[in-house]
Enquirer: 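Quick one: this structure, given as structure tokens, is what I'll be asking you about.
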Amino acid sequence: MTQHRRERRGPARQVVRKRAVMAAAFAGTVALGTGVGLWAAADDGGAPPGNGTRQSASGRVTGTGTGTGTGEAPTAPGTPSAAPSPSRSYPLSKAPRTIPAVRSHTPERGPGWRPRPGARVVVADPALADEGRLIAGELGLAYAGEKNDARAGDVRLALGGGGGNRESYTLTVRGGRVDITGPGEAGVFYGTRTLKQEVRGGGTAPEGVVRDQPAKPVRGFMLDIARKPFTASWIEDRIRELGDLKFNELGLHFSDDQAFRIESDSHPEIVSPDHLTKAQVKEIVALAAARHITVVPEIDSPGHLGAVLAAHPDLRLRKANGVVLRGAIDISKDASARLVDDLLGEYAGLFPGGQWHLGGDEYQALMARDPQASYPQLAAAAKRKYGPGGTVADLTTGWLDDRAATVRAHGRTVRAWNDGFFRGTSVQADPSLQVAYWTGKEIGARPPAEYLGAGRRMLNYNDEFLYYVLGQPQTFVYPTGQRIYEQWNPRVVRGTTAVPARYDGQILGGSFAVWCDFPNAQTQAQVAAGIRMPLRATVQKLWDPGRPALSWADFRKLADRLG
């Protein structure tokens with residue numbers, strides 16, 4: 001048999017020649033870095049088998065740095081193996097595909113990283129325990145807490161570096177490990193969202209370094225739960241979705257003409273039968289905080305208070321002829337201010353985030369042709385407070401300023417709708433009030449540049465692109481993700497025209513909004529499906545306002561792959 005085998009192999013010099021050719025081929029592959037090495041082994045995402053270590057097709061290590069690479073016993077240290085095991089080479093990695101897209105990826109050569117049995121998530125700071133436990137559970141890894149050692153397969157989270165942007169992060173995939181660092185907990189959390197999407201979308205996080213941060217500090221979703229009750233579980237599902245997409249605000253509009261939707265201890269008489277308990281709200285707020293999302297409450301006034309005023313009819317605004325206006329409170333009465341301030345103070349304790357929305361829009365007294373004649377009680381109160389030249393618009397601006405002071409005393413930054421700011425008043429809106437710009441259709445409408453030119457900071461709620469209004473009343477149509485993705489950016493505040501680039505720094509970000517004018521037009525499930533792609537398009541443009549690298553068709557396919 002020995003002779004027969006030798007004859008099949010041919011002359012000894014052919015064996016030598018073949019070995020020389022193979023050695024040259026392998027050297028060329030390593031030198032050029034053009035792809036897979038000569039040793040055939042399945043790429044299961046682990047560390048490259050270099051230094052003489054190889055893996056079998058099943059992924060099991062079959063040799064060591066001092067062995068033959070064939071499962072035989074290792075030779076003595078320092079003894080060269082009879083047939084050296086070549087290490088594999090890899091092409092340069094490709095940037096990960098995520099939503100929103102990462103801002104920067106430096107490619108490297110390597111197999112990348114994927115979850116393996118027994119791999120750990122470790123943290124360098126106890127403040128990152130929540131982030132660590134979350135990503136460990138999502139990827140099926142063990143959460144090991146604070147550790148200083150490094151193991152193959154580890155995901156390590158740490159605070160530090162990255163400059164002043166607390167939402168920035170660096171994600172490094174190298175040597176079979178993942179390191180996510182950032183100057184703040186939010187940035188590290190966003191790094192884990194990128195890792196989760198990488199694994200979900202392609203199975204493997206590509207080798208290299210991601211450096212990422214958002215262009216805009218406010219990336220929001222606003223939900224009208226006053227006109228349509230949404231269950232706590234539905235809201236919590238949206239929070240999980242928003243967190244994975246790197247949104248950082250959830251607005252809750254919970255008081256309007258139709259209903260008041262959150263339990264109240266100070267004024268239980270105003271609460272609608274179908275409402276959220278405070279315990280449910282605390283759970284919502286806690287889940288949002290764990291995803292680095294601030295819940296921004298809105299108790300709209302002096303308009304849109306119909307549900308509150310149903311229990312306080314003496315505070316409803318009346319015209320000179322005695323006609324009651326639905327939803328408008330009589331701001332000439334001290335009891336009106338006390339009632340609203342009671343609510344603002346109560347809910348400041350329930351919503352501990354740093355932001356608050358005062359509303360301020362569509363006060364019907366200012367929609368009249370002659371407010372002074374139509375509402376003489378308001379005109380008289382304005383003159384008493386601001387002198388003979390005082391107007392209803394002055395009184396309304398003063399109301400907004402007073403409510404802002406109430407909320408600011410609780411350490412909140414305050415915003416109001418743009419049609420709550422009035423031109424030509426002797427009383428000026430507090431300079432710190434941020435403008436939530438949604439429309440330019442109101443009486444005396446002012447373009448965004450007028451607010452920006454006065455130095456105000458602005459949030460973009462453009463109703464042309466970002467308003468999902470159930471039932472599509474008036475001129476509203478359900479917005480599409482494609483239109484947002486291809487035509488909108490944060491400087492497009494009103495209509496379809498962008499404000500000048502010099503104002504970009506004053507535009508803090510924006511919010512996609514669901515309004516429920518016709519609450520039965522869609523079910524909760526239909527709303528979730530309808531806003532799915534608009535939410536993804538919106539956050540893409542808030543994270544990076546530039547022209548996206550992917551076409552809309554490819555972006556949609558990516559969204560489907562990521563889930």
Side-chain angles (χ1 to χ4, degrees), residues 224-229 252-278 281 297-351 356-368 371 374-382 384-385 392-407 409-410 414 416-417 419-420 516-517 519:
D224 171 13
I225 65 171
R227 295 180 179 89
K228 180 181 179 69
L252 287 183
H253 177 90
F254 65 92
S255 170
D256 213 301
D257 296 341
Q258 293 79 0
F260 192 97
R261 297 287 185 191
I262 297 179
E263 175 187 1
S264 173
D265 298 319
S266 66
H267 290 281
E269 73 280 0
I270 69 175
V271 180
S272 302
D274 193 349
H275 65 271
L276 297 173
T277 67
K278 285 191 172 181
V281 173
E298 182 192 1
I299 300 176
D300 204 345
S301 80
H304 294 282
L305 280 171
V308 172
L309 295 174
H312 295 270
D314 55 314
L315 300 181
R316 294 183 296 183
L317 180 64
R318 297 176 183 269
K319 297 179 73 171
N321 60 8
V323 172
V324 173
L325 278 80
R326 185 189 185 201
I329 199 167
D330 189 338
I331 61 175
S332 70
K333 297 183 176 182
D334 292 339
S336 296
R338 288 196 296 271
L339 172 61
V340 174
D341 283 349
D342 281 349
L343 297 173
L344 295 175
E346 177 180 1
Y347 291 102
L350 186 61
F351 295 97
W356 197 281
H357 202 314
L358 286 175
D361 62 312
E362 297 179 326
Y363 188 46
Q364 292 191 48
L366 290 171
M367 297 179 182
S374 297
Y375 303 95
Q377 76 276 37
L378 299 184
R384 287 195 301 271
K385 190 168 185 177
V392 175
D394 287 328
L395 191 69
T396 307
T397 302
W399 168 277
L400 192 66
D401 285 348
D402 290 344
R403 306 293 76 74
T406 297
V407 174
H410 294 278
V414 189
W417 297 115
D419 50 334
C516 303
D517 292 41

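Just so it is clear, the structure is predicted and the values come from calculations on it, not from any experiment. Sequence positions, counted from 1, serve as the residue numbers for this chain.
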Enquirer: Can you find a heavy atom in the side chain of Arg318 that is under 4.5 Å from one in the side chain of Leu325?
Expert: no
Enquirer: Taking atom types as modelled, is there a side-chain donor on Asp341 or Thr406 under 3.5 Å from an acceptor on the other?
Expert: yes
Enquirer: Answer yes or no: is there an ion pair linking Lys385 with Asp402, defined by an N-O contact shorter than 4.0 Å?
Expert: yes
Enquirer: Is Leu252 close to Tyr347 at the side-chain level, that is, under 4.5 Å between some pair of heavy atoms?
Expert: no
Enquirer: Less than 4.5 Å apart, any side-chain heavy atom of Leu317 and any of Val324?
Expert: no
Enquirer: Just checking, any donor-acceptor pair under 3.5 angstrom between side chains of Asp342 and His267?
Expert: yes
Enquirer: Checking side-chain hydrogen bond (donor to acceptor under 3.5 Å, both in side chains) between Ser264 and each of Glu346, Glu269, His275, Lys278, which is the one that passes?
Expert: Glu346
Enquirer: For Asp265, I'd like to know if atom CG has over 12 heavy atoms of other residues, nucleotides or ligands within 6.0 Å.
Expert: yes
Enquirer: Just to verify, which of Leu366, Thr396, Asp361 counts as forming a side chain to side chain contact (heavy atoms under 4.5 Å, CB included) with Pro302?
Expert: Thr396
Enquirer: Examine the side chains of Ser332 and Asp330 and answer whether a donor and an acceptor come within less than 3.5 Å of each other.
Expert: yes
Enquirer: Side-chain contact test, heavy atoms from C-beta onward, threshold under 4.5 Å: evaluate it for Ile331 versus Tyr363 and give yes or no.
Expert: yes
Enquirer: Kindly assign one of parallel, tilted or perpendicular to the pair His357 and Trp417, based on the angle between their ring planes and the thresholds 30° and 60°.
Expert: tilted
Enquirer: State, without any angle test, whether Trp399 and Ser301 hold a side-chain donor-acceptor pair at a distance under 3.5 Å.
Expert: yes
